[in-house]
Amino acid sequence: MEISLLAKILLGVLVLNLLVWPLVSKWVENHLELFLLLVGIAAVSITGGWSKDFVYQTFNAPVNVAFIVLVVSVIFNHYSRYIFRVLFVLFRFLEPRYSFAVLVFVLGMVSSICSVTVAALVLAEVLQVVNLEREQTIKVAVYACYAIGLGAILLPLAEPLGLVIYNELAAGPHQADFFYVLRTFFWWIVPGIVLMSLATGYVVRNSNTQVQLHIREDKEDPKSILRRTWNIYLFVAALHLISTGLRPFAQSTIAHLNGKILFWANAVSVIIDNATLAAIEVTPNVTTENLMYMVIGLAAFGSMLVQGNLPNIVTAEKLDIKSREWARVAVPAGLVLMSGYFVMLCIKL
C-alpha cells in the first residue's frame with residue numbers, strides 16, 4: 001500500500017510521540033492504554049484503513065488474551081495457596097539467585113508452549129508474593145520478559161511471530177515445518193534466555209539468605225481483576241490499531257533493507273507488533289543469513305518499552321510498573337543483549 005509523503009511525515013511524528021511521551025509525561029504514563037489507543041486511531045485514520053471488517057477485527061483481536069488473563073487471574077486468586085506450594089519447595093532449598101534464575105529460565109523455555117500471557121501472569125504472581133525490594137522486582141520482571149519474549153518464538157503456538165515465520169517459509173525453498181524455527185534458532189535463543197536468567201540471579205544475590213514467600217490470605221477484589229482485564233484488552237486493541245496504521249510506513253521505510261540494517265531497524269518493534277514486521281520482512285525466498293538478523297532482532301527488541309510486547313504489558317499492569325521505571329532498566333539491558341547478538345551474528349554468518 002503506497003502512502004503520500006504527507007502521510008509518511010504524519011506517521012513519523014506519531015512514531016516519535018509513541019517513543020517520547022510515555023517516558024516524559026506523567027499523565028501518559030498513568031493512562032498508557034488510552035494514549036496508545038488514541039495514537040492507533042490517528043495512525044489508521046492517516047492511512048485510511050477504516051472499514052467495517054477492520055473495526056470488527058479490532059474489537060475481536062484482544063478477546064483471547066483478555067480471556068486468558070481473566071481466567072488465570074481468577075484461578076490464582078482462588079487457588080494460590082496450592083499453586084505456590086511448589087514455589088515454596090524451590091525457594092526453600094535454593095538461594096534466591098538460583099531459584100529466581102531457574103524460574104526465569106523455565107518461563108522462557110516454556111513460553112512457546114503455554115503462551116506468553118500465562119508465563120507473564122505466573123511471573124507477576126510470583127513477584128507479588130516474594131519480599132523483594134521495588135527496584136529488584138522491576139529488574140526481575142524486565143529480564144524475565146526478555147526471556148519470555150525470546151523463548152516464545154521457538155514454536156508456532158504461543159506467539160504470532162513464530163506462526164508468521166512458519167506460514168511465510170512453509171512453501172519456499174526453506175520448506176519450513178512445525179519445528180523449523182526451533183531447529184534454526186534454538187542455539188541462538190537459548191543463550192539469550194540463559195543470560196537473562198543469570199542477570200536475574202545477579203540482581204537478587206544480596207537478598208535475604210532465604211527469600212520469604214507469603215500466601216495472600218485476602219482475595220483480590222473482583223473489580224480489580226476486571227479492571228486489569230479491561231486495561232489489557234485496551235492495550236491489545238491499541239497495539240492492533242498501531243500495527244495496522246503504521247504497517248504502510250514500515251513497508252515504505254524498512255522492508256527493503258538488508259539483514260544487518262534490518263536488525264537495528266527492527267528496534268521499531270517496541271511500538272509496532274513484531275508479527276506485523278515479520279509479515280512485512282519475511283518472504284519465502286529470504287536468505288537464511290537475513291532471516292537470522294531479522295528474527296533475532298524482532299524477538300529481542302520488543303521488551304525495551306512496556307508497549308513493545310504482550311508479556312511486558314501483562315506484567316507491568318499486574319505489578320503497577322510505570323513506563324519510565326520499565327525503560328530505565330529495559331533499554332540498557334536491551335542494548336547490551338542486542339549488541340552481543342549482533343557481534344555474534346557478524347562472526348558466525
Side-chain angles (χ1 to χ4, degrees), residues 19-20 22-23 96-98 100-109 111 116 119-120 123 127 132-154 159 161 185-207 259-272 274 277 292-313 315-316 321-349:
L19 293 172
V20 173
L23 303 178
R97 55 181 172 173
Y98 299 127
F100 276 102
V102 169
L103 176 67
V104 170
F105 180 78
V106 170
L107 289 176
M109 293 304 296
S111 61
V116 293
L123 168 68
L127 290 176
L132 292 178
E133 297 177 358
R134 173 71 175 174
E135 192 64 25
Q136 289 177 317
T137 297
I138 294 171
K139 289 181 178 179
V140 171
V142 168
Y143 298 153
C145 283
Y146 270 112
I148 292 170
L150 285 167
I153 75 162
L154 292 176
E159 169 66 46
L161 176 57
F185 293 95
F186 182 83
W187 294 112
W188 289 97
I189 294 299
V190 170
I193 296 175
V194 170
L195 180 62
M196 291 299 107
S197 303
L198 294 175
T200 301
Y202 182 80
V203 165
V204 300
R205 72 194 185 285
N206 293 326
S207 298
K260 290 182 180 180
I261 298 175
L262 268 177
F263 179 88
W264 294 107
N266 280 335
V268 298
S269 65
V270 300
I271 54 174
I272 303 177
N274 55 19
L277 290 173
M292 287 284 188
Y293 283 108
M294 291 175 190
V295 173
I296 292 177
L298 288 170
F301 265 122
S303 291
M304 280 194 178
L305 298 179
V306 168
Q307 65 266 33
N309 223 347
L310 186 56
N312 314 352
I313 293 170
T315 305
I321 300 175
K322 303 301 182 184
S323 297
R324 276 179 284 190
E325 291 179 310
W326 188 280
R328 189 170 62 246
V329 176
V331 171
L335 290 175
V336 170
L337 179 66
M338 298 312 298
S339 297
Y341 265 131
F342 187 74
V343 170
M344 292 305 297
L345 285 166
C346 290
I347 292 173
K348 293 290 185 178
L349 299 180

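- Of all heavy-atom pairs between Gly259 and Tyr293, the closest is O-CB, 3.2 Å.
- Atom CD of Glu325 is separated from atom CG of Leu23 by 12.0 Å, given to the nearest 0.5 angstrom.
- Nearest heavy-atom pair, Gln307 versus Ile271, reported as atom, atom and distance to 0.1 Å: NE2-CG2, 4.3 Å.
- To the nearest 0.5 Å, the span separating OG1 on Thr200 from CG on Leu107 amounts to 10.0 Å.
- Side-chain N or O atoms of Trp326 include one that pairs as donor or acceptor with a backbone N or O of Ser303 at under 3.5 Å.
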Original post:
Does the side chain to side chain contact (heavy atoms under 4.5 Å, CB included) test come out yes or no for Ile321 and Val306, once each step is laid out?
Top reply: CA-CA 9 Å; Ile321 300 175; Val306 168; 5.6 Å; no
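- Separating the CZ atom in Arg205 from the CZ atom in Phe100 is a distance of 14.0 Å, to the nearest 0.5 Å.
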Subject >> side chain to side chain contact (heavy atoms under 4.5 Å, CB included) between Val343 and Ile347, worked out >> reply: CA-CA 6 Å; Val343 170; Ile347 292 173; 3.8 Å; yes
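- The SG atom of Cys346 sits 4.5 Å away from the NZ atom of Lys260 when rounded to the nearest 0.5 Å.
- We find that Glu133 and Lys139 are not joined by a salt bridge, their nearest charged nitrogen and carboxylate oxygen being 4.0 Å or further apart.
- Atom CD1 of Ile138 and atom CG of Leu132 lie 11.5 Å apart (nearest 0.5 Å).
- The two residues Ala330 and Tyr146 have their closest heavy-atom pair at O-OH, 2.7 Å.
- Here Phe342 pairs with Phe263, Trp264 under the ring pair (Phe, Tyr, Trp, His ring centres under 6.0 Å) rule; sequence neighbours left out.
- Applying side-chain contact (heavy atoms from CB on, under 4.5 Å) to Tyr143 and the options Leu198, Val329, Leu337 leaves one that passes, Val329.
- Residue Thr315 comes nearest to Ala141 through the heavy atom pair CG2-CB, 3.8 Å, listed as atom of the first residue, atom of the second, then distance.
- Between atom CD1 of residue Ile189 and atom CG of residue Leu150 there is a gap of 5.0 Å, rounded to the nearest 0.5 Å.
- Between Tyr202 and Arg97, the closest side-chain pair of non-hydrogen atoms is not below 4.5 Å.
- By the neighbour-count criterion of 12 heavy atoms within 6.0 Å, atom CZ of Phe105 is sparsely surrounded, having that number or fewer from other residues, nucleotides or ligands.
- Contacts of Ala101 classified as side chain to side chain contact (heavy atoms under 4.5 Å, CB included), with partners at least two apart in sequence or in another chain: Ser197.
- Using modelled atom types, one side-chain atom of Ser111 and one backbone atom of Gly108 make a donor-acceptor pair closer than 3.5 Å.
- Side-chain N or O atoms of Asn266 include none that pairs as donor or acceptor with a backbone N or O of Leu277 at under 3.5 Å.
- Of all the heavy atoms in Leu298 and Ser269, the pair that sits closest is O-OG, 4.1 Å.
- Residues passing the side chain to side chain contact (heavy atoms under 4.5 Å, CB included) test with Val270 are Leu19, Met304, Leu305, sequence neighbours excluded.
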